Amino acid sequence: MWCAVLRSVRASRVLAESKAAGTAILLRKREYQRISRLAACLYGRDSAIGSLLGVNQHLTTNEFLTPQAPGVAFNKDDQDSILKHSPDQPENPKVLKLAIIGAPNAGKSTLSNQLLGRKVFPVSCKVHTTRCKAQGILTEGDTQIILLDTPGMVNSVRAERHKLDKSFQTDPWESVKVADVVLVLVDVSDKWMRKSLHSEVLRCLSKNSHVTSILVLNKVDLMKQKNTLLEVTEKLTEGLVKGRRAVIKPGKKTSLKSVHPDPHKGKEENAPSPRRGETGEQCDGHTNGIKDRTGWPHFQEVFMLSAVDGGEVETLKKYLMTLAKPGDWEYHSEVVTTQSPQEICNNIIREKLLEYLPQEIPYTVTQVTEFWEEGSGGQLVVKQTLYVAKENHVKLIIGPGGELISRIAKEAGRDLMNAFLCDVQLRLAVKYRKT
Ligand SMILES: Nc1nc2c(ncn2[C@@H]2O[C@H](COP(=O)(O)OP(=O)(O)OP(=O)(O)O)[C@@H](O)[C@H]2O)c(=O)[nH]1
């Protein structure tokens with residue numbers, strides 16, 4: 001049926017396999033999308049094998065793939081070998097280490113994926129999707145940006161109450177410590193989040209005040225009253241950007257009209273002197289210096305965007321590129337992430353569980369990969385068992401007639417295809433295991 005083999009530029013190759021015809025085809029992205037749509041019509045039925053198994057059987061369009069995007073190897077040895085390649089840097093390379101921090105669900109992973117042009121980090125509507133720090137590598141021209149995606153910041157009380165791993169408390173801090181720039185993401189559609197900066201974020205900024213910081217107001221697409229953004233910016237910056245009083249214009253990149261410090265003007269128009277607890281080691285996080293604050297007056301720039309909008313993120317990306325400094329690249333330009341293929345796979349499946357399962361259930365699922373092999377024609381075959389702690393959860397995850405588990409397998413399989421740029425067969429089983 002489909003036997004055409006089309007040549008394409010290296011980076012935009014997508015290997016897809018028509019299961020019905022059993023024919024491997026190598027396609028340009030555009031061709032892939034067209035044929036994928038066709039395939040979805042022809043063969044896009046989901047199925048559940050047995051009552052406990054969901055299998056993806058669906059070719060779909062690629063949402064994140066950019067023409068230049070390199071692939072992520074699904075074989076651990078291949079991925080390790082790519083990671084060990086010496087960086088293929090040009091003559092005058094530039095680098096930037098960027099930590100992305102914020103409260104849970106602010107959209108950190110969504111933004112990281114958009115900046116990378118690839119989905120390598122899990123995203124879901126539930127909190128705590130990201131559980132530990134992970135690196136994404138963006139290489140363009142002479143510049144390499146290392147993105148440090150982090151778990152949502154939580155204080156010790158919340159971490160204890162929700163029995164969160166230690167990484168929730170340590171990883172954002174460790175990432176900021178090694179970063180050249182820290183990007184603070186705030187979900188402005190959340191009325192609590194826009195009242196003041198998260199206390200833990202403030203604490204971290206205060207302890208690392210030498211690191212250049214940028215404020216990103218995210219999810220502006222959900223804001224009906226755009227004027228609210230001005231008030232929010234005022235609060236989260238305490239009316240000061242780069243330590244200067246600013247006139248803020250919505251809808252613009254941070255070309256905030258700054259009034260430069262003027263010794264002849266009133267004290268309030270000039271940069272504030274640092275408060276107690278705002279710099280370095282003086283701060284223990286419980287000082288009044290932070291308790292009284294609603295924002296951070298030392299942001300270098302403020303961006304208002306929607307992380308799901310590629311165009312707006314592109315503006316931010318261009319700005320970040322300008323912040324890169326001369327220095328050696330850490331990775332070969334083929335590297336997209338330092339996560340192992342198994343980690344990517346686990347995260348993607350977990351993302352779907354978080355998205356589709358109610359309340360606390362997804363947090364109690366244990367994932368065990370039973371099978372991970374390269375099949376014929378370069379296809380990746382994965383079998384994973386989802387162990388649940390309560391018998392009735394088995395039924396819940398499978399859904400009526402296996403509908404839910406099929407959906408999870410289908411969507412996770414699609415994301416894995418986009419991550420690894422190859423055909424993926426994903427089988428999911430659900431089992432009850434006493435804890
Ligand atoms: N409408 C809208 N939704 C967004 C935007 N950015 C992120 N989201 C959604 O917000 C939810 C959380 O996004 P994530 O990227 O997982 O957030 P996170 O900050 O990484 O979350 P944690 O892992 O819990 O720290 C997802 O449902 C995203 O689709 C945006 O700009 N607009």
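We use all heavy atoms of the structure for the numbers below, so side chains are in, but hydrogens, waters and symmetry mates are not. Both ligands and their constituent atoms are indexed starting at 1 by order of listing. In this text, all values refer to a predicted model and were calculated from it rather than measured experimentally.
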Is a side-chain donor-acceptor pair under 3.5 Å present for Thr385 with Glu370?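 Indeed, the side chains of Glu370 and Thr385 share at least one donor-acceptor pair under 3.5 Å.
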Looking only at heavy atoms, which two atoms of Asp328 and Val95 are closest? And how far apart?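 Closest pair (atom of Asp328, atom of Val95, distance): O-CG1, 3.1 Å.
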For His393, check ring-ring contact (aromatic ring centres under 6.0 Å, His included) against everything at least two apart and list the hits.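 Listed in chain order: nothing, the list is empty.
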Glu231 versus Thr233: any side-chain heavy-atom pair under 4.5 Å?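 Answer no - side chains too far apart.
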Please output the side-chain donor-acceptor pairs of residues 157-170 that fall under 3.5 Å, not counting sequence neighbours, one pair per line with the distance.
unit_1: Arg158; atom_1: NH2; unit_2: His128; atom_2: NE2; d: 3.4
unit_1: Ser167; atom_1: OG; unit_2: Arg131; atom_2: O; d: 2.6
unit_1: Thr170; atom_1: OG1; unit_2: Lys166; atom_2: O; d: 3.3

For ligand 1, list the protein residues that place a heavy atom within a distance below 4.0 Å of one of its atoms, sorted by chain and number.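 Under the 4.0 Å cut-off, ligand 1 touches Pro104, Asn105, Ala106, Gly107, Lys108, Ser109, Thr110, Val123, Ser124, Cys125, Val127, His128, Thr129, Thr130, Gly152, Asn218, Lys219, Asp221, Leu222, Ser306, Ala307, Val308.
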By side-chain contact (heavy atoms from CB on, under 4.5 Å) - contacts of Ser199 (at least two apart):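 Expected list: none.
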